[in-house]
Amino acid sequence: MLGKITLEEHFALTETLGPGSDDLHRRLRDFGGSRISEMDEFGIQFSVLSLNAPAVQGILEINAAVEMARRANDFLADEISKRSDRFGGFAALPMQDPDLATEELTRCVKELGFVGANVNSFTQKDEPETHIFYDIPKYRSFWASVQELDVPFYLHPRNPVTERIPQFDGHPWLTYSAWAFAFDAALHALRLMCSGLFDDYPNLQLILGHLGERIPFDLWRVDHRIEEDPKNIPAQKSLREYMRTNVHVTTSGQFYDPPLHLTLNELGIDRVMFSVDYPFESMEKGCNWFDNAKLTKQEQIAIGRTNAIKLLKLNLD
Ligand code: ZN
């Protein structure tokens with residue numbers, strides 16, 4: 001399919017490069033070279049780019065987090081200006097301080113033309129052991145601003161501080177993207193939904209990668225158990241209702257028909273969008289899978305292109 005749009009695609013600053021091969025690092029720092037030539041080869045017209053993980057969310061000191069977010073966003077805006085027909089941007093945010101995060105998101109949307117935020121799940125602050133999730137009351141004013149700015153918030157995974165989680169001890173192959181990413185991001189998304197966030201801000205739109213971080217698969221069971229024993233949950237509605245009203249998912253790193261069809265059944269055709277997760281995943285594999293997935297032409301166009309245009313209000317030919 002030509003004209004595809006992708007929205008979980010990453011770049012890095014030199015200091016946010018994590019472990020990985022020289023080739024991965026080269027790709028994270030490349031914009032106009034092989035990134036564009038692969039987009040051309042595999043039919044991707046437009047990519048919304050975001051900083052890699054954990055980057056800003058792993059910084060303990062607030063001023064350093066603000067400085068890195070601003071520098072990453074300015075750097076991205078400069079790269080976008082060279083190819084604004086091919087690239088858009090999601091803002092990196094210093095979530096260590098909700099007011100400063102609001103300020104930076106507002107600057108990115110109003111001055112840099114970014115189409116939303118991409119935040120690497122929980123934020124550390126002051127102490128390395130900290131996990132700050134954004135369902136707590138001090139973040140409500142931040143969420144009010146996201147709704148007011150009318151842009152989506154991409155909740156991207158990061159590795160939890162697995163040294164604090166005994167279930168991962170001695171099993172490094174289950175950390176990072178194999179299992180720990182979804183373990184963290186799903187819990188964070190569930191906490192946001194269960195906190196009543198979307199009752200307070202009903203127009204807020206969240207994006208989850210990796211076909212919803214396994215939430216669609218378990219949606220019936222989670223709702224069923226909460227209904228049987230609600231334990232004074234603040235949320236007014238079922239998780240299924242929030243997933244169908246306030247959450248979108250992308251196919252990033254999940255190039256397989258059965259979970260795609262399950263997700264379409266649970267969320268409906270309007271809430272699923274194609275993405276790759278480049279350069280951590282291959283554009284060739286992601287695009288070849290999607291172009292041949294069992295979908296009607298209409299479904300393919302919605303997932304591959306028009307859902308993203310509507311959500312991000314893209315002005316594309
Ligand atoms: Zn990613």
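Counting convention: from 1, in listed order, for ligands and their atoms alike.
For the atom pair CD of E227 and CD1 of I233, the computed distance is 11.5 Å after rounding to the nearest 0.5 Å.
K313 meets the side chain to side chain contact (heavy atoms under 4.5 Å, CB included) test with D150; sequence neighbours excluded. Remark: R27 pairs with D23, S34, E38, Y278, P279 by the side chain to side chain contact (heavy atoms under 4.5 Å, CB included) rule, at least two apart or across chains.
For the Zn ion (ligand 1), the neighbouring protein N/O/S atoms at less than 2.8 Å, given as residue and atom, are E8 OE2, H10 NE2, H156 NE2, D277 OD1.
Legend: ring pair (Phe, Tyr, Trp, His ring centres under 6.0 Å) pairs involving residues 42-61, not counting sequence neighbours: none detected.
For F122 and H188, the distance between ring centers is not under 6.0 angstrom.
Q57 places a side-chain N or O within 3.5 Å of a backbone atom of L93 that can act as its donor or acceptor partner.
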